[in-house]
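Below is one structure, written out as structure tokens; comments come after it.
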Number of protein chains: 2
Amino acid sequence: MDESFPYLIAIDGGGTRCRFAMTSPAGRIEVMLGSANVFSDRDAAVQTLVDGLGALAGRAGLPHSALSDIPVYAGLAGVTDAKVASEVADRLPSRIVEVEDDRRSAVVGALGTMNGSLLGVGTGSFLARQYNGEIRFIGGYGPLIGDEASGNWLGLQLVRRVLLAMDAIAPHSPLTRDISKRFSDDPAEIVRFSGVARPAEFAEFAPLIISAAKDADQVAVEIMQSGADYLVAGLRALGCAKDEPICAVGGVAPHYADYLPSEMREALIKPKGTAVDGALLLAGQLAERAKVEAE
Amino acid sequence: MDESFPYLIAIDGGGTRCRFAMTSPAGRIEVMLGSANVFSDRDAAVQTLVDGLGALAGRAGLPHSALSDIPVYAGLAGVTDAKVASEVADRLPSRIVEVEDDRRSAVVGALGTMNGSLLGVGTGSFLARQYNGEIRFIGGYGPLIGDEASGNWLGLQLVRRVLLAMDAIAPHSPLTRDISKRFSDDPAEIVRFSGVARPAEFAEFAPLIISAAKDADQVAVEIMQSGADYLVAGLRALGCAKDEPICAVGGVAPHYADYLPSEMREALIKPKGTAVDGALLLAGQLAERAKVEAE
């Protein structure tokens, strides 16, 4: 039997939105829906995925049953291990499907097939290096024990520095004074906030830190440099070579450019494409493998 | 009207147990019950407090109604502000009652009326200095943004160092290798553990760190020194004078002795008494104030 796949589907599922793309002989169709985190709410996430696939089929003028034979690559936030991935894959109306976390599609989207490294830094963080088609990941261990340099991490460092300054253990800066004032100069208000704030809320401090650091605020500069030091150490641990490109993706990563050593700053390139583009490339590879297996 | 108070009651209410003491002309009676955290479970905590007061009355051969006129000082874990304190106070069968968090009774128990400082470091942490009868507190902002040097903090630092070593960002030591092995050398297992572990579970790593540091494990020594640096900075911020005593109370605090500068190490003294002893002194002061107000 010879299978060929004129259609491919890619999903980039994140905590705030979920992007769906389908390529066909007639072109590319995209659909955007709300959040889909298979870790925090599995059923709702699967429903979003099924809805998005249905919407793609509808837009393409295909019957829902046609989805079964279209290869799907899904890079989803909250896929913590292979068991979760296969449980989600089993619930999709697709016969040829690969579900992973959302890091590989980010790397392949940004670098295509080039050798290079990726700094993925938004509310969370991870690092990756693609070399001769193999990708190695480090970091990304979540808001409590990992995600160094991330937006959440920046916010946490700032709040800690504000408390240390209030206690006269570390010096104040214009930024820490401003944050202290927002909490009525009352440590108990900061403790209350921190008891309920999610990582995305701590990450809302990131733009303030980035901007204050540009104005040479001492505390902000120290926090940014400390995040950058982690990223540099991570790139070195990945074996990032001098002539290889580095992509900085996510809301926070590009803002570390000024804090990197010059050879890394000069290696920064614009990403080739988005995570959805990466997921489409990976769907193509999945289709190739399915073809070979069918022959 | 002249009020005198032959009886006094003290409560030291913590996350793992709740101690009650009553002094009377006939001597001292003590009762111990389970945990009472008015933050995490208000109703259960109040019930424990009422039960303990009833038990004291029973042991002393007093009718339950007698409790109303006995001054009670309660230092309770989880009292985050004055509103919580007064809500708890209102639900006790006592007319003359003061409810606070559990830090003041620890200070007064350890130092009596002496000038001096306190390092309160167990699962959480705080610092205090008593000077001419006034107590100033710093730190103790909880497991996410504060509690530096605490058992929970030590455990978090260790887990982070293990992940950095697994990623080849920081060096391994015998301790980090041992912990890595406990998690099958799999970062995902550490992430899973950390997603559900409470501070007390992170604090279970503290004895391992303390012991490894004694054996000169490089990572353990760095973590202990970093905790000690916070405590030293805190003591200096409190204005701790050279000739003033320092008490180290809680399961972790005494283990920092070897990491303090020599003048602070030499200032360490054994606590005069426990937090219950402190609460009894504070109940006595409460009784004095009630007497003055009644006159």
Side-chain angles (χ1 to χ4, degrees), chain A residues 39-40 79-84 101 126-128 136-148 152-153 155-171 186-199 202 229-239, chain B residues 39-40 79-84 101 126-128 136-149 152-153 155-171 186-197 199 202 229-239:
Chain A
F39 182 74
S40 50
V79 173
T80 49
D81 56 36
K83 188 163 162 284
V84 172
D101 67 71
F126 73 95
L127 292 91
R136 208 186 129 209
F137 297 98
I138 63 174
Y141 303 125
L144 183 63
I145 54 168
D147 285 3
E148 289 90 342
N152 170 67
W153 181 91
L156 279 173
Q157 303 313 305
L158 176 58
V159 166
R160 289 173 185 155
R161 285 295 299 259
V162 171
L163 289 170
L164 289 174
M166 285 171 141
D167 278 348
I169 289 180
D186 180 0
E189 286 212 11
I190 298 184
V191 171
R192 264 194 294 278
F193 164 80
S194 303
V196 295
R198 290 159 302 125
F202 278 107
D229 290 347
Y230 169 79
L231 298 175
V232 170
L235 289 171
R236 298 217 164 110
L238 285 167
Chain B
F39 183 73
S40 50
V79 172
T80 48
D81 56 35
K83 188 162 162 285
V84 172
D101 67 70
F126 73 95
L127 293 90
R136 205 185 130 210
F137 298 98
I138 64 173
Y141 302 125
L144 183 63
I145 54 169
D147 285 2
E148 290 90 342
N152 170 68
W153 181 91
L156 279 173
Q157 303 313 305
L158 176 59
V159 166
R160 287 172 186 154
R161 285 296 298 258
V162 171
L163 289 169
L164 290 174
M166 284 171 141
D167 278 349
I169 290 180
D186 181 359
E189 285 211 12
I190 298 183
V191 170
R192 265 193 293 277
F193 164 80
S194 303
V196 295
F202 279 107
D229 290 349
Y230 168 78
L231 298 176
V232 170
L235 289 171
R236 297 217 164 108
L238 285 167

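Both backbone and side-chain heavy atoms feed into the values below; hydrogens, waters and symmetry mates do not. Here is the naming used below: chain letters follow the sequence lines, and residue numbers restart at 1 for every chain.
Taking CZ from A:F126 and CG from B:D167, the interatomic distance works out to 13.0 Å, rounded to the nearest 0.5 Å. To the nearest 0.5 Å, the span separating CG on A:L127 from CD1 on B:I169 amounts to 6.5 Å.
Among all heavy-atom pairs drawn from B:A168 and A:A237, the shortest one is O-CB, 3.4 Å.
Within the 4.5 Å cutoff, no side-chain heavy atoms of B:T80 are placed close to those of A:V191.
Interface residue A:F202: only side-chain heavy atoms are found under 4.5 Å from chain B. Heavy atoms closer than 4.5 Å to chain B are found in the side chain of A:D81, but not in its backbone. For A:R136, the part lying near chain B is the side chain, with the backbone staying farther off; criterion is any non-hydrogen pair under 4.5 Å.
Within 6.0 Å of CZ on A:F39 lie no more than 12 heavy atoms contributed by other residues, nucleotides or ligands. Counting non-hydrogen atoms of other residues, nucleotides and ligands closer than 6.0 Å to CZ of A:F193 gives a total above 12.
Listed in order of number, the residues of residues 156-163 of chain A that approach chain B to under 4.5 Å between heavy atoms are A:L156, A:V159, A:R160, A:L163.
Interface remark: of the candidates B:G195, B:S194, B:P143, B:S194 forms the most heavy-atom pairs closer than 4.5 Å to chain A.
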